[in-house]
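Working notes, structure below.
Values in this document were obtained by computation on a predicted structure and should not be read as measured data.
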Amino acid sequence: MAAAAAPAMAAAEVSNKRVTLKRYVTGFPTEDDMEVVTATARLAVPPGSAAAVVKNLYVSCDPYMRSRMSQHEEASYVPDFVPGEVLTTFGVSKVVESGHPGYKPGDLVWGMTGCEEYTLITNPESMFRISHPEFPLSYYTGVLGMPGLTAYVGFFDVAKPKKGEYVFVSAASGAVGQLVGQLAKITGCYVVGSAGSDEKVNLLKTKFGFDDAFNYKKEQDLNAALKRCFPEGIDIYFENVGGAMLDAVLLNMRLRGRVSMCGLISQYNLEQPEGVCNLFTLVAKRIRMEGFIVMDYFGSYGKFEEEMTGYLKEGRITYVEDVAEGIESTPAALIGLFHGRNVGKKLVAVARE
């Protein structure tokens, strides 16, 4: 019996390519700050454990991951990555083995996983079950996953839009921005977006239905560009960029405008962040500027998923992805975010099923 059981035991261990952080990063990260290593993974959960082993199908590349690549003296809202350990990110996975009563082999889930081929999830209850497998599974790294929920709560819960308001979205062709613009149009708002290439600007106007858009790299005066696009001023600014763009927007906000602070990608690689000069406009124009973290809103996911799948089925929302192939392409894909190389939501296809 023992001899017959040996091959089964051996089959439970497989090769597992994983992406680790080589060293803490200052300034712009490079591919060399990460390393693709080949380890092994056991396709079994520890005896008595409520963990699950998953096969990762898609992993997400998101700007917030840059902050986790540096060492912080004061803890942020997510822990720093650890040199030598696998990077973690949101991903779409298939359960291979489970000691958790709520999950069985073959179940499709999305949530926090490793940048690797197989991951042992010690708290599978943190994963969301995929309810709509009729859509591309990759959508659960984007429009039906964390970026989609970010756009939804950042716009509706934080900015609280009203029909007819003027909305500006920076980094508007990215994973979140493209959705904010479309949700704003569904709400009956006038929407303008900024992006970093003519190709992206064209996408905003032709595919995503923005009323107008501009290439910020071609504008010598951002204040003048915003005045041209918003002669009546801005009611809602969905902030993804920070820096000079935020300063220019503050000068163009309307009375009781709202700034939904989602991210500040222009600042993530600076050793000394840029200051903001025009903050007195918050007082003079009674502007509300509010930051938010999407994890605080995970309780709203079910409501969001049903609403967003409805929009997708009706053709009222469209989504653009930028997919890299193979786990080994993760470092280049992640670095590309900070150079504007992605068009739409950046993700990595680890295994297509």
Side-chain angles (χ1 to χ4, degrees), residues 19-21 25 28-31 33-34 56-70 72 76-81 86-93 110-116 119 126-128 137-155 169-180 195-196 200 238-242 260-269 291-298 301 304 308 319-324 327 329-350:
V19 182
T20 63
L21 184 68
V25 177
F28 270 89
T30 66
E31 291 180 46
D33 292 319
M34 291 164 272
N56 295 315
L57 307 180
Y58 297 94
V59 295
S60 182
C61 295
D62 298 295
Y64 83 91
M65 294 169 71
R66 168 61 189 86
S67 171
R68 302 187 69 186
M69 297 172 80
S70 294
H72 294 88
S76 183
Y77 68 97
V78 281
D80 299 339
F81 291 138
V86 71
L87 304 186
T88 54
T89 184
F90 288 96
V92 172
S93 313
W110 77 268
M112 193 59 76
T113 188
C115 285
E116 56 188 347
T119 302
S126 69
M127 306 292 278
F128 294 92
L137 292 177
S138 56
Y139 274 18
Y140 282 88
T141 67
V143 59
L144 295 176
M146 182 275 287
L149 185 61
T150 300
Y152 184 86
V153 300
F155 188 59
V169 185
S170 55
S173 69
V176 174
Q178 59 174 295
L179 293 171
V180 174
K200 293 176 182 179
F238 198 96
E239 166 67 301
N240 291 309
V241 169
S260 182
M261 300 286 289
C262 178
L264 299 166
I265 196 170
S266 73
Q267 306 300 296
Y268 295 162
N269 299 304
F292 70 99
I293 299 295
V294 69
M295 280 85 93
D296 296 343
Y297 295 88
F298 275 176
Y301 178 73
F304 152 77
M308 190 60 85
Y319 201 61
V320 171
E321 298 177 316
D322 190 336
V323 185
I327 194 69
S329 67
T330 304
L334 187 55
I335 298 309
L337 288 176
F338 305 105
H339 299 278
R341 293 179 194 139
N342 59 302
V343 178
K345 166 67 198 162
K346 192 73 202 181
L347 65 131
V348 175
V350 184

Output the distance between atom [atom1] ([X]) and atom [atom2] ([Y]), rounded to the nearest 0.5 Å.
X: L179; Y: F238; atom1: CG; atom2: CZ; result: 9.5 Å
X: L87; Y: M69; atom1: CG; atom2: CE; result: 6.5 Å
X: Y58; Y: T141; atom1: OH; atom2: OG1; result: 9.0 Å
X: M112; Y: S60; atom1: CE; atom2: OG; result: 9.0 Å
X: M146; Y: K345; atom1: CE; atom2: NZ; result: 6.0 Å
X: M65; Y: Y268; atom1: CE; atom2: OH; result: 13.0 Å

Hits for side chain to side chain contact (heavy atoms under 4.5 Å, CB included) against S76, two or more places apart or cross-chain, chain-then-number order -> none
Applying side chain to side chain contact (heavy atoms under 4.5 Å, CB included) to V153 and not counting sequence neighbours gives L149, D157, F292, Y297
What heavy-atom pair brings [X] and [Y] nearest, and what distance separates the two atoms?
X: D322; Y: V343; answer: OD2-N, 2.9 Å
X: P147; Y: G142; answer: CD-O, 3.6 Å
X: D80; Y: S67; answer: OD1-O, 4.3 Å
X: N240; Y: S170; answer: ND2-O, 2.8 Å
X: S329; Y: V348; answer: OG-CG1, 3.8 Å
X: P29; Y: V25; answer: CA-CG1, 3.7 Å

Inset, instruction - Would you check if T88 and R68 make a side-chain contact, meaning some heavy-atom pair closer than 4.5 Å? - result: yes
Could you give the side-chain donor-acceptor pairs of residues 330-342 under 3.5 Å, partners two or more places apart or in another chain?
unit_1	atom_1	unit_2	atom_2	d
T330	OG1	I327	O	2.7
N342	ND2	G344	O	3.0

With sequence neighbours left out, the residues meeting salt bridge (Lys or Arg N to Asp or Glu O under 4.0 Å) with K200 are none
Those residues at least two apart in sequence (or on a different chain) that pass ring pair (Phe, Tyr, Trp, His ring centres under 6.0 Å) with F298 are F128
Are the side chain of [X] and the backbone of [Y] linked by a donor-acceptor contact shorter than 3.5 Å?
X: Q267; Y: G242; answer: no
X: Q178; Y: V180; answer: no
X: T89; Y: C115; answer: no
X: S260; Y: F155; answer: no

Sorted by chain and number, sequence neighbours left out, side-chain hydrogen bond (donor to acceptor under 3.5 Å, both in side chains) with D296 holds for none
(Q) Tell me whether the rings of Y139 and Y319 are parallel (<30°), tilted (30 to 60°) or perpendicular (>60°). (A) perpendicular
